[in-house]
Amino acid sequence: MKRNKVLHIVLNPVFAAIFLFVLFVVTAFHLYIVYDESLWMYIGNLWNNKGIPPYVGAVENKTPGIFILFAISDYLTSGNVFFVRGLGVVATMFTALFLYGICAKIYNKTAAVISLYVFGFITCWQLMDGFAFAHTEVFMILFSTMSFYALMQSQFSKKNIIWLFLVGLSMGIAITFKQIAITTAFALLVVFLVLNKEKPFLYLLNRVLIIVFGISFSTFLSFLVLYFYGVSFYDYLEGAWLILFNSGSKVTNISEHFTNFINALVFSRLVFFYPIIIWFLWKKNFLNHSHKMLLILWLLFDFVGVNASGYYYGHQLKQMLPAFSIIMAISISFLIGKRYNDNTNGFYTVAAQIVLLIGIVCFPYKQIYQNFKLITQYDNTSLTPHVEIANWIKENSTSEDYIYIIGGEPNLIRTQAIVNRTSASKYFQSLFLTSDYERGILMEDLKQNLPVFILRDQFIDENILKKYGNKFKTFVDENYVLVKTMYNVEILKQL
């Protein structure tokens, strides 16, 4: 009996929360700044130190939430990425707790604890970019999960108007971190209609409008922050929404899209869970029909969101984890309960054993190993390439000088993030240079803000160079000369 009680501790939600929090902290301790973090560090620095806000001074296809966080990080910690990752760890912990609340409300507390572990372990997988606690999806799924939790609360509250406003407010904040949360918002509205299908039409219309108002209100507040810094509504519309039609925001090749899908969602550890998902869809009468539809619709619409861009980056896959985790947990809990329905101690013992098995199967081994490897191989006596390049630029220019990088090679983006020099153009990387319209803006920017240095990869891909066009090539050839090469990065200086 005592051995069983020790085993049962893994089903204690406090123990589970503490264990997962430690796991999140360890997983987030990835020593190097990655590509997206570098982009947002630059935008945050530009906004905080230069007073130049997103969309006006830098093109990046995100809604403003992540830029606000990195600007705050730059103000408080001089752009230390671990500050935002720390916020991401806290956000992920709260996401797990909201999942626990939803699962406990619609099924039972044992399933709720299992959902904690499933979500916690999988979100740390290398497949999911486990270290990426500073990415948009981390904060997006916090607020979308909070929105579903508020929706469940509204079903049991007499003051459901307040709860429904919070539903919309939370979902609006999720969209403020990433536009694809719109798919989750559609799921939310459909779920609301399913849960309240017996209510009269005017009641449903009134409540839906309250939710939509909440979404609109938080979206308006995020724009208001930008407007205070001189961002017009058109700048916001073009930079946060119309840019999604730019081919740089999505995979345009169907074959590449399909290959990415296969690699991310078929040839991965996720495939082992699919039989349980299929069984959940097929099985009847073990979960309230409305709640089952809630989970199915939530997962379905988030799956659509995951597929939208066609890139299938690990952090993008996290969008479908909340509903996925609850479905897995409820299915496992039901299967255990079906066998040990009259044996409470046996039920908890087997549930605890299943949790340990989940831990063994789902532990983020690769991500932890990668983090450990980076720590053991890190050389404290030498500077990393982008730091050396940035230091050289600082020594040979003033803080008011402009620079420009060609392409989007990681070391160049990292250099731009820390060098504290403004890019000569808001198109500070090549991803969104896809038409003559963008190339025209780039040339106007370069002529107006003549960069002292232009940086490019020594072995730059010809396809990337083509994105800049012949006018750009002529501009560089006529006005710049190679003065230094560092770590395969060529530094060109103005004549």
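Here the structure is a predicted model, which is why all the values come from computation and not from measurement. By convention here, the first residue in the shown sequence is residue 1.
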Note, I326 side chain near F119 side chain (heavy atom, < 4.5 Å)
no
Looking at CG of L209 and CZ of R207, how far apart are the two atoms once the value is rounded to the nearest 0.5 Å?
10.5 Å
Counting C-beta onward and ignoring hydrogens, is there a side-chain heavy-atom pair between K178 and Q316 closer than 4.5 Å?
yes
Kindly list each side-chain donor-acceptor pair under 3.5 angstrom involving residues 11-35, sequence neighbours excluded, with atom names and distances?
from	atom 1	to	atom 2	distance (Å)
N12	OD1	V14	N	2.8
N12	OD1	F15	N	3.4
T27	OG1	L23	O	2.7
H30	ND1	N371	OD1	3.2
Y35	OH	Q429	OE1	3.1

Quick check: does any side chain N or O of N307 sit under 3.5 Å from a backbone N or O of F303, one acting as donor and the other as acceptor?
yes
Do D36 and H135 touch side chain to side chain, with heavy atoms closer than 4.5 Å?
yes
Determine whether a donor-acceptor pair (N or O, by modelled atom type, separation under 3.5 Å) exists between the side chain of N260 and the backbone of G310.
yes
Looking at every heavy atom in both M146 and S170, which two are closest together, and how far apart are they?
SD-OG, 3.6 Å
Can E438 and K467 be counted as an ion pair, charged N to O under 4.0 angstrom?
no
Distance-only, no hydrogens or angles: does the S333 side chain make a donor-acceptor pair with backbone N or O of A329 under 3.5 Å?
no
Hey, can you tell me if F94 and F98 have their rings parallel, tilted or perpendicular (30° and 60° cut-offs)?
tilted
Under 3.5 Å, is there a donor-acceptor pair between the S232 and D235 side chains?
yes
Would you indicate whether F258, at its atom CZ, is surrounded by more than 12 heavy atoms from other residues, nucleotides or ligands within a distance under 6.0 Å?
no
Determine the interplanar angle of the W163 and Y149 rings, folded into 0 to 90°, and report it as parallel if under 30°, tilted if 30 to 60°, perpendicular if over 60°.
perpendicular
Using only atom types and a distance under 3.5 Å, with no angle test, would you say the side chain of S423 pairs donor to acceptor with the backbone of K426?
no
Does NZ belonging to K50 count more than 12 external heavy atoms closer than 6.0 Å?
yes
Student check: side-chain heavy atoms of Y203 and V208 closer than 4.5 Å:
no
Here the pair of heavy atoms bringing G407 nearest to Y468 is N-OH, 2.6 Å
Parallel, tilted or perpendicular: ring planes of F165 versus F217, cut at 30 and 60 degrees:
tilted
Between F286 and F280, what is the ring plane arrangement, given parallel below 30°, perpendicular above 60°, and tilted in between?
perpendicular
Neighbour count >12 (heavy atoms, 6.0 Å) for atom CZ, F186:
no
Inter-residue atom distance L164.CG - S154.OG, 0.5 Å rounding
4.5 Å
Taking every non-hydrogen atom, the tightest pair across M320 and D302:
CA-CB, 3.8 Å
What's the separation between atom OG in S309 and atom NE2 in H257, rounded to the nearest 0.5 Å?
7.0 Å
Counting only heavy atoms from other residues, nucleotides and ligands, does the tally under 6.0 Å from CZ of F220 exceed 12?
no
Which heavy atom in I141 sits nearest to a heavy atom in V138, and how many Å separate them?
CG1-O, 3.5 Å
Side chain T63, main chain I175, donor-acceptor under 3.5 Å:
yes
So, taking the atom named OG in S430 and the one named CG in D461, what distance separates them when rounded to the nearest 0.5 Å?
9.5 Å
Not counting sequence neighbours, list each pair that qualifies as a ring-ring contact (aromatic ring centres under 6.0 Å, His included) and has a residue in residues 41-63.
Y42-F428, W47-Y229, Y55-F67
Does atom NZ of K197 have more than 12 heavy-atom neighbours from other groups under 6.0 Å away?
yes
Indicate whether the side chain of K105 and that of Q153 have a donor and an acceptor atom separated by less than 3.5 Å.
yes
Do any N or O atoms from the side chain of S249 and from the backbone of F245 form a donor-acceptor pair under 3.5 angstrom?
no
Side-chain contact test, heavy atoms from C-beta onward, threshold under 4.5 Å: evaluate it for V251 versus Y312 and give yes or no.
no
E137 side-chain N/O to M140 backbone N/O, donor-acceptor pair under 3.5 Å
no
Determine whether more than 12 heavy atoms belonging to other residues, nucleotides or ligands lie under 6.0 Å from atom CZ of F228.
no
Donor-acceptor contacts under 3.5 Å from residues 121-133 side chains, at least two apart:
from	atom 1	to	atom 2	distance (Å)
W125	NE1	C362	O	2.6
D129	OD2	G314	N	3.4
D129	OD2	H315	N	3.2

Sub-4.5 Å side-chain heavy-atom contact between S73 and M41
no
Atom of L169, atom of S218 and distance for their closest heavy-atom approach
O-OG, 3.3 Å
Test side chain to side chain contact (heavy atoms under 4.5 Å, CB included) on Y227 and F233 and set out the steps.
CA-CA 8 Å; Y227 182 76; F233 179 72; over 6 Å; no
Applying side chain to side chain contact (heavy atoms under 4.5 Å, CB included) between F70 and each of V84, N45, L39, report the one that passes.
V84
Can you see which heavy atom on I336 is nearest to which on A351, and at what distance?
CD1-CA, 3.7 Å
With side chains defined as the heavy atoms from C-beta onward, is the minimum distance between P64 and T176 less than 4.5 Å?
yes
Any donor and acceptor pair, going by atom type alone, linking the side chain of Q319 with main-chain N or O of T183 inside 3.5 Å?
no
Any side-chain to backbone donor/acceptor pair from R269 onto V361? Under 3.5 Å, distance only.
yes
For the CG atom of L317 and the CG atom of L270, what is their distance to the nearest 0.5 Å?
7.0 Å
Modelled atom types, side-chain donor and acceptor of D74 and N49, under 3.5 Å
yes
Heavy-atom count check: over 12 atoms from other residues, nucleotides or ligands less than 6.0 Å from Y274 OH?
yes
Quick one: are L287 and K292 in side-chain contact, heavy atoms under 4.5 Å?
yes
How far does NZ of K62 sit from CD1 of I243, to the nearest 0.5 angstrom?
8.5 Å
Step through the shown structure and confirm whether more than 12 heavy atoms of other residues, nucleotides or ligands are within 6.0 Å of NZ on K366.
no
